[in-house]
Amino acid sequence: MRHISTILFFFSFVLSGQAQFITLNPTSAGSDDAAVLIFDAEQGNKELVGATKVYMHHGVVTDKINGTAWKYVKGNWGKDDGIGEMTKVPGQANKWQITFTPNIRAYFGVPAGENIFRISCVFRNPDGTKKGTLNQGEYGWGSIASNGDIYVNLNNENYVSITAPTGTEGLLSQGQTLQIQADASANVSQMKIWLDEGSGYVEKSVVSSGKTISYTYTPVSSISLGIKVTAIINGQSLEAIKKYDIVIKKPTEIAPLPAGMKSGANYDPTDPTKVTLVLLAPEKDFIYVVGDFSDWKVKEENQMKRTPDNKMYWLTLSGITPQKSYVYQYWIDGKLKVADPYTEQVADPWNDKYIESTVFPNLPSYTREDLGIASVFTTGQEKFNWSSSEAEWKKPDVNHLVIYELHIRDFLASHSYKDLIDTIGYLKRLGINAIELMPVSEFEGNDSWGYNPSFYFAADKYYGSKDQLKKFIEVAHQNGIAVINDLVLNHAFGQSPMVQMYFDGGKPAANNPWFNREYVGQYQWGYDFNHESQYTKNFIDDVNRYWLEEFHFDGYRFDFTKGFTNYAPGGSVDGFDQSRINILKRMADKIWQVDPKAYIILEHWGPDGEETQLGNFGVKMWGNKSDDFVPAAIGNPTGSFAGM
């Protein structure tokens with residue numbers, strides 16, 4: 001019996017220790033009560049033990065008891081601005097508290113009648129580089145999600161909840177109906193649905209028993225609909241309220257693409273209050289541009305026009321504030337929300353908060369994890385002022401390049417172009433005359449070699465701004481050093497909008513304009529570009545032209561060019577392949593039309609006959625002679641330099 005008592009005591013101690021991670025006083029607090037939340041940094045991962053300041057990034061969950069969607073959020077991640085700053089519990093070195101007064105509802109600004117089921121939060125230090133959390137799981141006070149988000153339960157013994165429609169907006173065709181439904185926590189003596197179409201709430205449906213009520217609504221035009229449900233449970237009067245924006249979808253307007261417009265954001269050279277957005281999206285039915293400029297709501301006036309060939313969508317937005325960064329997405333066919341594949345800056349709700357302001361200042365605030373990756377446009381940008389030395393720059397002879405392959409994250413702890421500029425002297429003293437930057441176009445996450453690309457026109461923000469990259473290339477040229485861009489055009493990863501726009505059954509759809517549905521050959525990373533497709537050829541030409549013209553790169557090292565084929569007899573791409581040679585020659589010709597002296601280096605690993613053809617055409621091969629070079633460098637006459 002003594003052993004059992006000891007085990008029970010230990011189990012009780014563990015539970016109480018976990019429960020102390022968060023304490024809500026009073027523990028029975030509901031939406032309309034004042035409360036104090038206490039965080040104990042000595043529990044859980046202890047990252048905030050000894051912190052001089054702790055912030056609570058916080059909001060509420062109003063959709064359902066076990067919901068996770070944050071609403072009415074308070075806090076600016078990574079900012080030491082006082083919003084959400086906690087205070088120390090008197091006499092406690094590592095306990096922090098925040099007070100919700102006059103009550104939880106008023107503190108967060110939640111309208112009367114809207115349920116509050118949980119407080120959602122994350123504890124952080126001022127710059128957001130450290131977080132206090134526990135392992136994923138259910139706890140006595142609430143739960144921890146897989147991403148580390150914390151949810152603190154509130155008291156909701158009796159409630160009524162609007163279960164349909166979900167979300168905050170919907171697209172309907174003319175004559176299409178909207179189903180409205182609400183559920184109660186217990187049997188009601190009365191429950192009603194009320195709708196506000198702009199002139200106040202009007203009763204639409206009533207029941208006098210049960211736990212459910214529904215109503216079928218037919219809108220006649222786009223509307224911001226007020227939905228209210230009232231109920232009486234055990235003599236207690238309750239209500240739930242939500243706004244639901246309905247947009248009646250119109251037939252897509254057919255109009256030719258304005259002259260000079262191309263994919264992505266097109267800025268008016270004379271009017272910085274306008275931007276024209278263009279998206280290639282064959283076989284799609286309708287598309288809206290949605291962003292912070294529309295408060296992330298679908299609006300009739302933001303439905304895109306379609307070109308007569310049914311391939312391009314475009315829209316001109318006006319009333320834009322010059323030099324302000326706007327975050328936007330394309331919402332396609334009422335099902336899909338994607339960023340612009342041609343965007344020059346990505347907004348990442350998961351990873352941007354970990355980029356230091358010293359590396360990339362003034363990132364737009366974008367935390368919509370429910371919407372995913374978005375794109376950014378900024379009108380009235382000041383063009384980078386290239387030094388006059390650029391006009392005098394002459395590339396080193398391609399046959400006498402000494403190339404330093406450089407991964408910015410591993411080369412510099414600061415992972416920044418600014419500090420890379422400061423190291424030019426060191427690199428020059430090594431005797432090199434070219435630097436190959438490992439992939440700098442936007443890749444998934446922050447911490448990567450870059451061979452998991454997702455956006456090909458956006459310089460990855462983890463290293464700094466596009467102007468800082470341009471400045472590095474300029475300074476390198478001033479020191480006699482060429483800069484080569486390591487590009488990955490064999491494959492793209494799943495955050496690419498071009499993958500997502502045509503995706504079915506866990507892989508690119510059969511009608512995807514750019515990607516093969518099945519991977520060609522035995523080497524497989526991400527999703528495989530279809531290099532036989534004219535869409536892919538056009539896209540690759542756009543990418544290659546962009547980095548040469550916009551950034552003054554001196555050429556390219558292309559990753560795994562043996563994959564640039566749809567020819568794989570017996571499932572292998574290792575054999576001689578004339579179609580692959582033709583694809584690469586075509587690409588090279590297009591590059592040399594832009595810059596006749598651009599370097600083209602292939603990581604090919606192809607048959608000798610294939611590499612000979614390509615070499616005679618004027619491109620170079622990336623190989624690995626380390627095993628032969630190192631012995632030779634120390635005087636051991638072993639190894640071979642044949643086949644170079």
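All figures in this text were calculated on a predicted structure; none of them were measured in a lab. In what follows, every heavy atom counts, from backbone to side chain, and hydrogens, waters and symmetry copies are set aside.
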Treating Thr307 as the side-chain partner and Met312 as the backbone partner, does any N or O pair qualify as donor plus acceptor under 3.5 Å?
yes
Rounded to the nearest 0.5 Å, what's the gap from CZ on Phe108 to OG on Ser120? Could you check?
7.0 Å
Candidate pair Lys131 and Glu47, rule salt bridge (charged side-chain N to carboxylate O under 4.0 Å, His left out), full reasoning:
CA-CA 6 Å; Lys131 297 193 298 184; Glu47 279 194 15; over 6 Å; no
Is the cationic atom of Lys249 (NZ for Lys, CZ for Arg) positioned less than 6.0 Å from the six-membered ring centroid of Tyr288 and within 45 degrees of its normal?
no
Verify whether one side chain among Thr321 and Tyr326 offers a donor that lies under 3.5 Å from an acceptor in the other.
yes
Under 6.0 Å from the NZ atom of Lys74, do we count more than 12 heavy atoms belonging to anything else shown?
yes
Closer than 3.5 angstrom, by distance alone: can the side chain of Asp541 be matched with the main-chain N or O of Arg545 as a donor-acceptor pair?
no
Taking atom types as modelled, find out whether Glu300 and Ser222 have a side-chain donor-acceptor pair closer than 3.5 angstrom.
yes
Kindly say whether Thr378 contributes a backbone atom to a donor-acceptor pair with the side chain of Gln381 at under 3.5 angstrom?
yes
Taking the side chain as every heavy atom from C-beta outward, state whether Phe503 and Pro508 have any pair of such atoms under 4.5 Å apart.
yes
Taking NZ in Lys305 as the centre, count heavy atoms belonging to other residues, nucleotides or ligands within less than 6.0 Å. Is the count above 12?
yes
Take Glu474 and Ser387 through the test side chain to side chain donor-acceptor pair (under 3.5 Å) and record every step on the way to the result.
CA-CA 7 Å; Glu474 177 182 272; Ser387 169; 4.7 Å; no
Quick one: pull up CG in Asn544 and CZ in Phe553 and give me the separation to the nearest 0.5 Å.
12.0 Å
Between side-chain atoms of residues 493-500 and protein atoms elsewhere (two or more places apart, or another chain), which donor-acceptor pairs fall under 3.5 Å?
unit_1 : atom_1 : unit_2 : atom_2 : d
Ser496 : OG     : Met498 : N      : 3.2
Gln500 : NE2    : Gly494 : O      : 3.1
Gln500 : NE2    : Gln495 : O      : 3.2

Could Lys284 and Tyr502 be counted as a cation-pi pair, given that NZ or CZ must be under 6.0 Å from the ring centre and within 45° of the axis?
yes
Say whether, by atom type as modelled, one donor and one acceptor occur between the side chain of Thr423 and the main chain of Tyr426 under 3.5 angstrom.
no
Any side-chain heavy-atom pair of Gln329 and Trp296 under 4.5 Å:
yes
Sub-6.0 Å ring centroid separation between Phe123 and Tyr55
no
Tell me if a side-chain donor or acceptor on Asp81 pairs with a main-chain N or O of Ile83 at a distance below 3.5 Å.
yes
Tell me whether Arg105 is salt-bridged to Glu114, with the criterion being a basic N under 4.0 Å from an acidic carboxylate O.
no
Is there a donor-acceptor pair closer than 3.5 Å between any side-chain N or O of Asp460 and the backbone N or O of Tyr462?
yes
Are Phe21 and Trp141 packed together at the side-chain level, in the sense that at least one heavy-atom pair is separated by less than 4.5 angstrom?
yes
Between the side chain of Ser263 and the main-chain N/O of Val278, is any donor-acceptor distance below 3.5 Å?
no
Please check if atom NZ in Lys507 has more than 12 non-hydrogen atoms from other residues, nucleotides or ligands closer than 6.0 Å.
yes
Hey, do the aromatic rings of Tyr328 and Phe377 have their centres closer than 6.0 Å?
yes
Output all residues satisfying salt bridge (charged side-chain N to carboxylate O under 4.0 Å, His left out) with Asp127, sequence neighbours left out; order by chain, then residue number.
none
With under 30° as parallel and over 60° as perpendicular, where do the rings of His552 and Trp386 fit, or are they tilted in between?
parallel
Minimum-distance pair of heavy atoms, taken over all atoms of Ala35 and Ile104:
CB-CD1, 4.1 Å
Within the distance-only criterion (no hydrogens, no angle test), does the side chain of Lys242 pair as donor or acceptor with the backbone N or O of Pro165 below 3.5 angstrom?
yes
Residue list, ring-ring contact (aromatic ring centres under 6.0 Å, His included) with Trp393, at least two apart or on another chain
His477
Step-by-step side-chain contact (heavy atoms from CB on, under 4.5 Å) determination, Ile119 to Leu154
CA-CA 7 Å; Ile119 295 172; Leu154 298 179; 4.1 Å; yes
Drop me the distance from Leu487's CG to Asp559's CG, to the nearest 0.5 angstrom.
9.5 Å
Neighbour count >12 (heavy atoms, 6.0 Å) for atom NZ, Lys46:
no
Do Tyr313 and Tyr330 have ring centres separated by under 6.0 Å?
no
Taking only residues two or more places apart in sequence, or in another chain, which ones meet Tyr599 in a ring-ring contact (aromatic ring centres under 6.0 Å, His included)?
none
Could I get the full list of side chain to side chain contact (heavy atoms under 4.5 Å, CB included) partners for Lys353, not counting sequence neighbours?
Trp77, Glu369
So, for Phe551 and Tyr546, is the gap between ring centers shorter than 6.0 Å?
yes
In short, salt bridge (Lys or Arg N to Asp or Glu O under 4.0 Å) pairs touching residues 408-421 with sequence neighbours left out are Arg409-Asp447
When you compare the side chain of Lys311 with that of Leu280, does any pair of heavy atoms fall below 4.5 Å?
yes
So that I know where these two stand, are Tyr107 and His58 an aromatic pair - ring centroids less than 6.0 Å apart?
yes
Please identify each residue that fulfils salt bridge (charged side-chain N to carboxylate O under 4.0 Å, His left out) with Glu442, with sequence neighbours left out.
Lys461
Main-chain N/O of Tyr456 paired with Trp547 side-chain donor or acceptor, under 3.5 Å
yes
Output yes when a side-chain donor or acceptor of Arg306 lies under 3.5 Å from a complementary backbone atom of Ala281, and no otherwise.
no
Measure the CD-CG distance between Glu444 and Asn351 for me, rounded to the nearest 0.5 Å.
9.5 Å
According to ring-ring contact (aromatic ring centres under 6.0 Å, His included), who are the partners of Trp350, at least two apart in sequence or on a separate chain?
none
Side chain to side chain donor-acceptor pair (under 3.5 Å), that's the test. Do Glu42 and Asn94 meet it? Break it down for me.
CA-CA 6 Å; Glu42 293 183 356; Asn94 290 297; 3.0 Å; yes
Are there more than 12 heavy atoms of other residues, nucleotides or ligands under 6.0 Å from atom CD of Glu382?
no
Going by salt bridge (charged side-chain N to carboxylate O under 4.0 Å, His left out), name the residues that satisfy it together with Asp149, two or more places apart in sequence or in a different chain.
none
Can you list the residues that meet the ring-ring contact (aromatic ring centres under 6.0 Å, His included) rule with Tyr342, with sequence neighbours excluded?
Phe457, Phe539
Ring pair (Phe, Tyr, Trp, His ring centres under 6.0 Å) between Tyr451 and Phe560: does it pass, once the steps are laid out?
CA-CA 10 Å; Tyr451 296 102; Phe560 195 67; over 10 Å; no
Sorted by chain and residue number, the salt bridge (charged side-chain N to carboxylate O under 4.0 Å, His left out) partners of Glu344 (sequence neighbours excluded) come out as Lys466
Side chain to side chain contact (heavy atoms under 4.5 Å, CB included) against Ser294, all qualifying residues, sequence neighbours excluded
Val290, Lys299, Asn302
